[in-house]
Protein chains: 2
Amino acid sequence: MLKEERQKIILDQVHLHHRVLLTDLSESLNVSIDTVRRDVKELAKEKKLKKVHGGATSFGFMSFSKDDDNIYLLSKKIRIAEKTVSLLSEGQVILMSGGTTNMEVAKMIPKRLSLTVFTPSLHVAMQLLELPDVEVIFLGGKLLHEAKFAVGGTVVNSLNQLKVDLCILGTGYLDADHGLTEFDWEVIQVKQAMIRAAKKTVILSVSDKLHSVQKFKTCDLTAVHTLVTELHPSDPVLDRFREFDLRLV
Amino acid sequence: MLKEERQKIILDQVHLHHRVLLTDLSESLNVSIDTVRRDVKELAKEKKLKKVHGGATSFGFMSFSKDDDNIYLLSKKIRIAEKTVSLLSEGQVILMSGGTTNMEVAKMIPKRLSLTVFTPSLHVAMQLLELPDVEVIFLGGKLLHEAKFAVGGTVVNSLNQLKVDLCILGTGYLDADHGLTEFDWEVIQVKQAMIRAAKKTVILSVSDKLHSVQKFKTCDLTAVHTLVTELHPSDPVLDRFREFDLRLV
DNA sequence: ACAAAAACAGCAAAAACTTGCAAAAAGTAG
DNA sequence: CTACTTTTTGCAAGTTTTTGCTGTTTTTGT
């Protein structure tokens, strides 16, 4: 294999997943970790990507939330994304919120699956546009600078006119007692409208966030139909959630 | 086998697979590795392909999307962007379309200028969010895959409810006789609505595009108030545009 | 603070590159 | 056809690049 070829694959991976682990690259490319390390070092010197401890990230596109600098969360999120994508079916009309986990879902949707997706997230919309068979409708409104997420009356009004098959909610804090919570009031309004606008709601959450509570409440767990985590559905960590009428994936 | 014949095969292989190994070529062409090496060296000198350690790649193999934008045009666009930014003033409410020129404008807006910007372009919106004092409102609707631009009734409806200070139109084809033209009917609808929604309209155009016509017409030059090019306002190339009630910048 | 993972530096083997040279092939007069 | 030049090709010796491995140092998470 040519060095250039390898480096291109690395760059593609970085652009696709926004973050990659050197160990993963080493394995999938069948070269030693040192070689990958050297490649990444070179690419970093050429400003094609950003080298971080344990891997590399694309810089230029976006920097998300603070705790997302953690490379190890990514593999969990990818696992969640895989499971979530398997819930989708041809021709569905769905809603997707923002957040890194939802981004991974967007990246993982197969190229030939036709969907109609409504989203108020710039990042998710951008990613979905890579898929030729997905129709993307952006729910316009005032954009939040950090989250790159549209909020406000316009978004809620648009949502009130919809009734879609599925709503996929990413980022958010989850707790068996307190339900779904957020720290941003405006985001809550949008998420509530999203849940109302969908027949079924799917929540994506890495297990780390399963018992965290924020200031404002989006909804109770009874409003949710499916919970996707990176864990096996039978994992004891999920026990607290079994009392609800929830499908664990 | 003739040398030219061999080199043509090499080029075909490179174009087909984007990369070749010298060892593979040597084997499949039944010549020594040195001969192949010399051939590739020649082709590289003629800029027909790129020689790399162990093989060759096609040009643009390592490039992803944006590198194609040549430096030559970019400098003109930056010049235009500079002039355009100088037209803006504190507190204005403006509309921005998409396109690379408008992107340059977005990049060049000073950090401390507060504005309210409506746009149907994902890229422009994304860029504007880097500015803390700019409020960005995305005009939601169906997104075009290539242009990352929102079109359709939703966008037009939103625009019909606006009356903003300024509309900045990027990309588009301009001609003194035929006015502003485009090749996408849906985009036209949006741009027309944008012009209607603004008190003044500014057109950005690199001089190369000043005499090009496309299939569909957005508006006459009489609907435009300012034309920004990279040229000096007194440049004779702009003479054809002086008969209109246009401010040249 | 400790153990595990990752980064770094130096080394050695393998692969690829360079250069010079000579033989073969092709072209060019006389 | 022959003698000569020119081009092309293959080969060999020496150099550089790439790659994986070693042991050591740094960073990270608990």
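Keep in mind the model is a prediction, meaning the values are calculated, not measured. Throughout, protein chains are lettered first and strands after them, A, B, ... in sequence-line order, and every chain is numbered starting at 1.
Taking the six-membered ring where the residue is Trp, the centroids of A:Phe216 and A:Phe183 are separated by 6.0 Å or more.
Each end of the helix from C:dA1-D:dT30 to C:dG30-D:dC1 yields a helix axis from five base pairs, and these two axes differ in direction by 40° (to the nearest 10 degrees).
In the 5' to 3' direction, nucleotides of DNA chain C lying under 4.0 Å from heavy atoms of chain B begin and end at C:dA16 to C:dT18.
Applying the ring pair (Phe, Tyr, Trp, His ring centres under 6.0 Å) criterion to A:His211, with sequence neighbours excluded, gives A:Phe241. A:Lys215 is linked by a salt bridge (charged side-chain N to carboxylate O under 4.0 Å, His left out) to nothing, counting only residues two or more places apart in sequence or in another chain.
Between A:Arg37 and D:dT19 there is no side-chain N or O to OP1 or OP2 distance below 4.0 Å.
The cationic atom of A:Lys8 (NZ for Lys, CZ for Arg) lies less than 6.0 Å from the six-membered ring centre of B:Phe61 and within 45° of the ring axis.
Under 4.0 Å is where a charged nitrogen must lie from a carboxylate oxygen, and between B:Asp208 and B:Lys76 at least one such pair does.
Among the atoms of the strands shown, only primed sugar atoms or phosphate atoms (P, OP1, OP2) are found under 4.0 Å from some heavy atom of B:Leu22.
For the 3.5 Å distance criterion, the side chains of A:Gln192 and A:Thr218 fail to qualify, holding no donor opposite an acceptor.
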Please list, pair by pair, any protein nitrogen or oxygen found under 3.5 Å from a nitrogen or oxygen in nucleotides 21-28 of chain D.
{"residue": "D:dC21", "atom": "N4", "partner": "A:Asp34", "partner atom": "OD2", "Å": "3.2"}

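Contacts between residues 45-52 of chain B and DNA chain C, defined by a heavy-atom separation below 4.0 Å, involve B:Lys51, B:Val52, listed by number.
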